[in-house]
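From a predicted model like this one, the values you see are computed outputs, not experimental measurements.
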Protein chains: 2
Amino acid sequence: MPQSTTVLAESGRDRILDEAAALFLRHGYEGTSLRQLADTVGMKAGSLYYHFASKDDLLTEILRRGIDVMQTAFDEAETSTGSARPVDRIEAHVRAHLSALFENGPYTAAHVMTFRTAPESVREIVVPLRDAYEARWTEMLRRLQADGAIQPTVDVNVIRLVLFGAMNASVEWFDTDRGNLDRFAAAITAQFWSGVAS
Amino acid sequence: MPQSTTVLAESGRDRILDEAAALFLRHGYEGTSLRQLADTVGMKAGSLYYHFASKDDLLTEILRRGIDVMQTAFDEAETSTGSARPVDRIEAHVRAHLSALFENGPYTAAHVMTFRTAPESVREIVVPLRDAYEARWTEMLRRLQADGAIQPTVDVNVIRLVLFGAMNASVEWFDTDRGNLDRFAAAITAQFWSGVAS
DNA sequence: TACCCTACCTAACGTTCGTTAGGTAGGCAA
DNA sequence: TTGCCTACCTAACGAACGTTAGGTAGGGTA
């Protein structure tokens with residue numbers, strides 16, 4: 001059994017990815033140096049190259065994992081609320097996206113915050129994966145609109161992007177130690193579905 | 001009259017700030033080098049120090065201008081719709097914030113996109129200015145809630161942050177060449193005020 | 001016991017970074 | 001005409017950057 005390689009918590013490659021995602025989230029990709037990352041995980045900068053071919057490669061894997069986490073969360077919300085009321089389906093998916101952002105490691109949060117300024121060569125690789133995730137949301141909303149649950153006049157792509165913007169930006173201010181994610185998901189969904197007017 | 005100093009468009013300090021804000025927006029603060037900026041404005045990197053004490057100083061001024069633009073936009077919306085219907089007041093302020101983001105230079109867009117990863121010493125200077133702007137929104141929404149126009153159950157700070165997230169994130173995807181800002185402001189306001197449900 | 005592979009290390013490479021010191025052309029004022 | 005001020009320039013500094021080559025300890029396998 002592997003005893004010395006994984007004594008406490010994780011080590012090696014996954015540990016590096018975890019800390020890197022957290023650092024990229026806080027200081028940005030270009031604002032984080034490999035020596036800073038190496039210090040955090042307790043090794044030397046050159047040693048990182050045993051696990052990754054380049055800094056861009058490291059970022060690519062983080063962005064990829066961020067999408068994987070979102071997709072998995074979407075899967076679970078889909079299977080558990082496939083035939084629920086429209087507003088409940090939305091809430092489940094909102095809750096799932098927030099779970100990806102806050103409850104499943106720093107990958108999704110790092111993704112939504114660093115993707116925009118990532119090097120073009122990295123973005124090229126990740127864009128199709130992002131598109132696939134966004135397409136699932138668009139398709140869900142499109143069907144709800146076709147079924148008459150969503151107003152026929154609204155642009156499904158616009159309301160999705162507005163909703164995404166609201167959820168993703170919460171990484172900047174929502175504190176899981178002070179707020180409750182279930183209640184937050186309910187609040188966001190209520191605002192999305194019914195608005196704030198009395 | 002100053003002829004040779006401002007022949008075509010702007011030059012000097014304002015030109016530098018304009019181009020820097022645009023570069024920071026695209027590649028991030030740490031992702032933009034002073035040589036890259038100097039190339040863009042047609043001078044040498046060292047010459048930038050005639051106008052700015054440091055790169056951080058340049059960023060500080062850009063973030064400051066970003067808030068100034070927002071405040072000015074808020075002022076105009078306030079004086080022109082002080083006694084209008086609640087939903088129209090909101091729409092005017094949404095339109096004003098979008099105007100700050102898209103129609104008054106790159107400062108506000110650069111602000112909302114680079115503030116999070118800015119050096120701590122820079123953030124410290126800018127935070128009070130941000131707070132002042134956000135307080136005006138909070139106060140406006142709080143009054144609308146006190147007047148019964150907004151549901152008494154919602155948290156005014158949460159709906160403000162959700163709305164801000166949605167508006168600010170649009171910098172990432174909204175294209176002023178393809179979309180109309182008036183219509184976009186109306187759509188965002190309708191979604192905020194009444195929701196998307198049929 | 002001998003060997004090998006994993007997971008690092010040391011030490012350095014060349015490049016780029018923000019920044020600075022000192023120089024200079026050209027317009028303006030006296 | 002002289003002198004000054006503005007707005008740059010050239011050239012370089014030391015530090016930090018991503019990256020690489022070669023070495024090594026230590027557990028696992030034969």
Would you say the ring centers of A/His97 and A/Phe74 fall short of 6.0 Å from each other?
no
Would you call B/Asp155-A/Arg183 a salt bridge at under 4.0 Å N-O?
no
Interatomic distance, B/Lys44 NZ vs D/dT10 C1' [rounded to whole Å]
9 Å
If you take any heavy atom closer than 4.0 Å to DNA chain C, which residues from residues 18-39 of chain A end up in contact?
A/Arg35
Show me, pair by pair, the donor-acceptor contacts under 3.5 angstrom made by side chains of residues 187-198 of chain A, not counting sequence neighbours?
residue: A/Thr189; atom: OG1; partner: A/Ala185; partner atom: O; Å: 2.7
residue: A/Ser198; atom: OG; partner: B/Gly148; partner atom: O; Å: 2.9
residue: A/Ser198; atom: OG; partner: B/Ile150; partner atom: O; Å: 3.2
residue: A/Ser198; atom: OG; partner: B/Gln151; partner atom: N; Å: 3.2

Kindly write out the residues that satisfy ring-ring contact (aromatic ring centres under 6.0 Å, His included) with A/Phe184, not counting sequence neighbours, or none if the list is empty.
A/Trp173, A/Phe174
Is there any salt bridge (charged side-chain N to carboxylate O under 4.0 Å, His left out) pair reaching into residues 104-133 of chain B, and which pairs are they, with sequence neighbours excluded?
B/Glu120-B/Arg123, B/Arg130-B/Glu134
Under the rule for ring-ring contact (aromatic ring centres under 6.0 Å, His included), what residues qualify as partners of A/Tyr29, not counting sequence neighbours?
A/Phe24
A/Asp39 CG to A/Ser33 OG distance, which is reported to the nearest 0.5 Å:
8.0 Å
To the nearest 0.5 Å, tell me how far A/Leu59 CG sits from A/Glu30 CD.
9.0 Å
For DNA chain C, which residues of residues 45-60 of chain B approach it to below 4.0 angstrom with any heavy atom?
B/Gly46, B/Tyr49, B/Ser54, B/Lys55
